[in-house]
Amino acid sequence: MRRAYFKNNWVAALVVTPQLLIIFIFFYWPTSQALYWAFTLEQPWGGGNEWVGFENFRYLLSDDRYWHSVWVSVVYAVCTTALAMGMALILALFADRQLRGYKGVRIGLIWPYAVAAPAIGLAFRFIFNPSAGVASYLNYAFPDFWNPVMNGDHALTMVIIAGAWKQVSYSFIFFLAGLQSIPRSLTEASAMDGARVMRRMWDIQLPLITPTVFFLVIINLTDSFTDSFGIVSTMTSGGPARATNLMVYKIYEDGFRGLDYSGAAAQSIILMLLVVALTFFQFKYVERRVHYS
Amino acid sequence: MIERTPILNIVTHTILFTGLAILVVPIYLVIVAASQTLPDVMAIPAKLLPGDQLIVNLKAAWVEAEFATKFTNTLILATGVVVGKLVLAALTAFGIVFFDHRLRMPIFWMVFITLMLPLEVRIVPTYAVAANALSPFQSILDVTGISWLINATTGVEVALNWNLLNSYTGLIMPLVATATGTFLYRQFFLTIPDELVEAAKMDGAGPLRFLREILIPLSVTNMAALATIMFVVGWNQYLWPLLIITDPAYGVAAVELSRLVPNMNTTGGDIPNWHWAMAGTLIVMLPPVAVVILMQRWFVRGLINTDK
């Protein structure tokens, strides 16, 4: 542990205060407000909030629309995570061979990280548009083949593809870093023993990057639950017929369009619990069970 | 590894090329649409080669979405997030690594917990706070009875109010309130040898001088990494500006972009101006992509070290 400290604690207080103030105002206070609203109901004619206990949650959990939103979110999260990570893993394994053109390939696989969600949403909405662009040709050949504007399953597929496209680069960067941190002596030793490239991938590299895999599963799932607003909002606005009404988007709709603060707060709390549970799971089990050495 | 694998090399190149194509083709289609006239964009079968209208469409999108104003605002937002993050995170990490006080770990955990809940999940109450940033203090005063006391003794009614809607402060502050950078700085500060601190103390440097003349110059690469990521994050903000900005003078590029194409559920059969929208998409994408490509080394490093 560190031995040399500065003794002037006034300076310490001074330097940490700005951050603590901002965190208090914009993190801890809103989070506690969410709890307060979730357990109270605003009176229609003013006069403060009335304590209603778990009533908001009970109402929410008996609402088919909410469960539908949860279901859609889970499908979205699992599909985008699987698609993005699968693709990123294969690409990282082969990019790590560092054949000719490696640097170009790497930059080519990294830049999509920087594209804003609404830009991705708009681009894919155009590409998958049933009456313009590429998809229109398919519809011309096979009528009603593809119509995300009317068909909920098509819309969800489209949103998932856009979401996965957004996530690939992030996973790729981490997989590549994980692969490159594997000691070279290990792969060299197995090469000496006669293991060819594919065999080394399967028996040496894949097992050694399982910690990265688990880390990315959690991060990607969390991201899909929380960071999907930009894509849904620009592509489908939650439609058609709520087919793409992900949890984050529903919170926004209920809170800011429907002005149902208590309902939106209760939904926020459930989403918070979900995110915290995922993070906790990662700390508690994943980091402990998977070892490098 | 030194071994001849001609067939596998071809397979490797094919796989990597396919991956690149999957990522690049959507953007290629955006460029194609952005360089055509609207009838060409809507043509069946689709025309897959770029036209000659790119400059015209870029100009039209630039004017239509008032990107001149929006770009300035987005730049202010991104710069604010970068600077705020760099300064606050450095100060906090400095305060919890180099000082000996009992609150070090509690403060660290308080900051660390903010990593868990992104802005999106606490969006409704955060909006309420932005409408009056002093409301937490007002509530505390109300609950503890201090406002009643002040009112009774001086006759002044306590009504603290600081509205952050439609302001740069409101845009930037909540985005700065996370632990991302603090963690990165802390890890770096912990690698600084004790001897350096002792030497500085021996030479008579106080804590602030040590921070300014030794720590800051040493952490330039860390700052570059953090700045790159925070710029991208700041530039790409969508939900928060969408909520708190109603005055077009403060609008940001990403939100304005989404307004180029009307909502599909409310369009009454009108064909959106796809060629302009795609040109706008290109314009909005360009700055952060350029930053990531130019700053690749720092960006990758920062991303891996900050956990996001």
Side-chain angles (χ1 to χ4, degrees), chain A residues 2-6 8-9 11-12 15-16 18-19 22-23 25-27 29-31 33-34 91 94-95 97 99 105 107-108 111-112 114-119 122-123 126-127 132-134 136-137 140 149 173 177 191 197 226 229-230 234 237 239 248 255 261 264-265 268 271-272 276 279, chain B residues 1 5 8-9 12 15-16 19-20 23 26 29-30 41-42 44-46 88 91-92 94-95 98-101 107 114 116-118 120-122 124-126 129 133 136 173-174 177 194 197-198 207 232 236 238-239 254 257-258 263-265 274 277 281 284-285 288-289 292-293 300 303-304:
Chain A
R2 186 170 293 278
R3 281 157 293 129
Y5 290 109
F6 289 104
N8 194 338
N9 281 340
V11 179
V15 292
V16 297
Q19 170 95 315
I22 290 193
I23 288 182
I25 298 178
F26 291 105
F27 184 87
W29 184 261
T31 310
Q33 273 310 88
L91 289 174
F94 283 99
R97 296 191 65 209
L99 300 180
V105 168
I107 193 74
W111 66 269
V115 181
L122 220 51
F126 165 69
I127 291 164
V134 191
S136 62
Y137 187 66
Y140 182 72
V149 181
I173 293 169
V197 177
T226 59
F229 180 84
T234 45
S237 302
V248 171
Y261 274 20
S268 296
L271 190 56
M272 281 180 196
V276 170
T279 318
Chain B
M1 214 93 343
T5 50
L8 191 61
N9 284 3
T12 305
I15 289 175
L16 291 177
L20 278 179
L23 292 183
L29 292 174
V30 169
V41 174
M42 304 304 292
I44 295 177
L88 286 178
L91 286 178
T92 315
F94 177 61
F98 289 100
F99 290 88
D100 184 18
H101 50 86
I107 292 178
T114 61
M116 280 212 255
L117 300 176
E120 284 80 5
V121 308
R122 51 193 160 87
V124 180
T126 308
V129 169
M173 292 276 246
D194 285 356
V197 189
E198 274 158 18
V232 173
N236 290 345
Y238 177 69
L239 173 56
L257 175 65
S258 67
N263 188 321
M264 65 163 70
N265 298 329
W274 283 116
T281 305
V284 172
M285 276 173 48
V289 170
V292 163
I293 290 177
V300 169
L303 198 65
I304 287 168

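What you see below is based on every heavy atom in this structure, not just the backbone, and it leaves out hydrogens, waters and symmetry mates. Convention: sequence-line order gives letters A, B, ...; per-chain numbering from 1.
Residue B:Thr281 comes nearest to A:Ala119 through the heavy atom pair CG2-O, 3.5 Å, listed as atom of the first residue, atom of the second, then distance. Heavy-atom minimum distance, B:Pro136 versus A:Ile25: CG-CG2, 4.4 Å.
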| task | Begin from the C-alpha positions of B:Ser258 and A:Thr234 and carry the test side chain to side chain contact (heavy atoms under 4.5 Å, CB included) through to its verdict. | result | CA-CA 6 Å; B:Ser258 67; A:Thr234 45; 3.5 Å; yes

| request: Run the numbers on A:Phe229 and B:Tyr238 for side chain to side chain contact (heavy atoms under 4.5 Å, CB included), then give the verdict. | output: CA-CA 8 Å; A:Phe229 180 84; B:Tyr238 177 69; 3.6 Å; yes

| said: Under the criterion side chain to side chain contact (heavy atoms under 4.5 Å, CB included), I'd like the reasoning laid out for A:Ile107 against B:Ile293: C-alpha separation, chi angles, the key distance, then a yes or no. | reply: CA-CA 7 Å; A:Ile107 193 74; B:Ile293 290 177; 4.1 Å; yes

| Which is it for B:Val197 and A:Tyr5 under the side chain to side chain contact (heavy atoms under 4.5 Å, CB included) test, yes or no, and what are the steps along the way? | CA-CA 8 Å; B:Val197 189; A:Tyr5 290 109; over 6 Å; no

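If you measure heavy-atom distances from A:Ala265 to chain B, you find no contacts under 4.5 Å at all. Contacts of B:Phe99 with chain A are made by both backbone and side-chain atoms, with heavy-atom separations under 4.5 Å. Residue contact with chain B, scored on non-hydrogen atoms closer than 4.5 Å, involves the side chain of A:Pro112 exclusively. Looking at A:Trp29, only its side chain comes within 4.5 Å of chain B, counting heavy atoms on both sides. With a 4.5 angstrom heavy-atom cutoff, A:Thr226 touches chain B via backbone and side-chain atoms both. Only the side chain of B:Val232 comes within less than 4.5 Å of a heavy atom of chain A; its backbone N, CA, C and O stay farther away. With a threshold of 4.5 angstrom between heavy atoms, B:Val289 approaches chain A through its backbone and through its side chain. At a 4.5 Å heavy-atom cutoff, the contact between B:Pro118 and chain A is made by side-chain atoms alone.
No side-chain donor-acceptor contact under 3.5 Å links B:Arg122 to the backbone of A:Met272. In this structure, B:Asn236 contributes its side chain and A:Ala114 its backbone to a donor-acceptor pair below 3.5 Å.
Counting heavy atoms from C-beta on, the side chains of B:Ile304 and A:Ile173 come closer than 4.5 Å.
For B:Asn9, the side chain to side chain donor-acceptor pair (under 3.5 Å) partners are A:Arg97, B:Thr5, not counting sequence neighbours. Judged as a side chain to side chain donor-acceptor pair (under 3.5 Å), and not counting sequence neighbours, the contacts of A:Gln19 are B:Thr182.
Chosen from B:Ile107, B:Val121, B:Thr126, the residue pairing most often with chain A at heavy-atom distances under 4.5 Å is B:Val121.
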